[in-house]
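Here's the structure, in structure tokens; my notes come after.
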Amino acid sequence: MSADGLSPQAEVASIATPINLILFSAFVYLVYLQFRPKQPAVLPKAPPAVVFRTFTPKTLLPFNGENNQPVYLAVRGRVFDVSPGRNFYGPGGPYENFAGRDASRGLAHQSFDREMLTEDLSGPLDDLKDLNADQLENLQGWEERFSEKYLVVGKLVAEGDAEAGEA
């Protein structure tokens with residue numbers, strides 16, 4: 001017998017009360033929850049990588065935002081990915097005429113009409129030599145705005161250009 005008059009079996013029995021068993025079970029369950037295998041974190045899918053490439057007017061044309069294509073437009077030979085501005089440059093937007101095209105002349109003239117676009121896609125690129133100082137300034141302002149806001153994804157060359165073979 002122990003000093004308090006209880007047998008060793010009685011001491012063990014007093015620890016194993018129903019409330020102690022419930023508390024111990026809850027403790028074991030909480031430890032399990034803390035250390036159980038967790039589902040691996042799922043990262044969002046990255047957008048496809050954009051590779052700098054050479055475009056001709058014909059190879060640029062499909063990038064007009066239709067059929068889930070990105071929206072590209074060219075300004076003075078640089079091709080910009082304006083897909084983040086799809087509401088403006090994509091189908092149904094106010095500047096949709098420029099999607100997949102060289103927009104230089106239209107931007108210089110502050111005109112979004114279809115007449116500002118080069119009709120002959122196989123011909124030489126518009127050299128813009130007939131633009132006056134105000135029009136060139138307009139064009140430069142647009143070009144700076146695009147450079148700050150959008151990614152350059154390529155360059156535009158004429159159909160017969162030596163670099164056109166890469167397009």
Could you state the interatomic distance from [atom1] ([X]) to [atom2] ([Y]), rounded to the nearest 0.5 Å?
{"X": "Leu156", "Y": "Arg76", "atom1": "CG", "atom2": "CZ", "answer": "14.0 Å"}
{"X": "Leu136", "Y": "Leu131", "atom1": "CG", "atom2": "CG", "answer": "5.0 Å"}
{"X": "Asp102", "Y": "Thr56", "atom1": "CG", "atom2": "OG1", "answer": "12.0 Å"}
{"X": "Arg86", "Y": "Gln69", "atom1": "CZ", "atom2": "CD", "answer": "9.0 Å"}
{"X": "Ser111", "Y": "Met116", "atom1": "OG", "atom2": "CE", "answer": "4.5 Å"}
{"X": "Arg145", "Y": "Leu107", "atom1": "CZ", "atom2": "CG", "answer": "9.0 Å"}

Do [X] and [Y] belong to the same hydrophobic cluster, where Ile, Leu, Val, Met, Phe, Trp and Tyr are linked whenever their side-chain heavy atoms lie under 4.5 Å apart, directly or via other members?
{"X": "Phe98", "Y": "Leu125", "result": "no"}
{"X": "Leu121", "Y": "Val75", "result": "no"}
{"X": "Phe52", "Y": "Tyr150", "result": "yes"}
{"X": "Tyr95", "Y": "Leu61", "result": "no"}
{"X": "Phe88", "Y": "Leu60", "result": "no"}

For a quick test of reading the model, state the closest non-hydrogen atom pair linking [X] to [Y] and the distance between them.
{"X": "Gln135", "Y": "Asp130", "value": "OE1-O, 4.3 Å"}
{"X": "Pro124", "Y": "Ala158", "value": "CA-CB, 4.2 Å"}
{"X": "Ser104", "Y": "Leu139", "value": "O-CD1, 3.4 Å"}
{"X": "Lys38", "Y": "Gln34", "value": "NZ-O, 3.2 Å"}

- [ ] Just do the side-chain contact (heavy atoms from CB on, under 4.5 Å) check on Glu143 and Arg78 with the steps written out, would you?
- [x] CA-CA 9 Å; Glu143 191 174 14; Arg78 293 197 303 169; 3.7 Å; yes
Does a sphere of radius 6.0 Å around [atom1] in [X] hold more than 12 heavy atoms from other residues, nucleotides or ligands, not counting ones at 6.0 Å or beyond?
{"X": "Tyr29", "atom1": "OH", "answer": "no"}
{"X": "Phe112", "atom1": "CZ", "answer": "yes"}
{"X": "Glu137", "atom1": "CD", "answer": "no"}
{"X": "Lys45", "atom1": "NZ", "answer": "no"}

Open item on the list: Please list all pairs meeting salt bridge (Lys or Arg N to Asp or Glu O under 4.0 Å) that have one or both residues in residues 111-128, counting only residues at least two apart or in different chains.
Closed with: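 Output for this query lists Arg105-Asp126.
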Open item on the list: Can a donor-acceptor pair be found, under 3.5 Å and without considering hydrogens, that links the side chain of Thr59 to the backbone of Phe55?
Closed with: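 Judged by distance alone, no pair lies under 3.5 Å.
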- [ ] Kindly indicate whether the side chain of Pro57, heavy atoms from C-beta on, has any atom under 4.5 Å from the side chain of Arg101.
- [x]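 Answer no - side chains too far apart.
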- [ ] Flag the pair Ser83 / Phe63 as yes when at least one side-chain heavy-atom distance between them is below 4.5 Å, and no otherwise.
- [x]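 A side-chain contact under 4.5 Å is absent here.
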- [ ] Give the intermediate values and the outcome of ring pair (Phe, Tyr, Trp, His ring centres under 6.0 Å) for residues Tyr89 and Tyr72.
- [x] CA-CA 9 Å; Tyr89 304 103; Tyr72 294 171; over 10 Å; no
Open item on the list: What verdict does the side-chain contact (heavy atoms from CB on, under 4.5 Å) test give for Phe146 and Leu73, after you've listed the backbone C-alpha separation in whole Å, the side-chain angles of each residue and the deciding distance to 0.1 Å?
Closed with: CA-CA 10 Å; Phe146 283 124; Leu73 63 80; 4.1 Å; yes
- [ ] Taking side-chain contact (heavy atoms from CB on, under 4.5 Å) as the test, write out the residues that go with Asn67, two or more places apart.
- [x]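 Asn67 satisfies side-chain contact (heavy atoms from CB on, under 4.5 Å) with no residue once adjacent residues are dropped.
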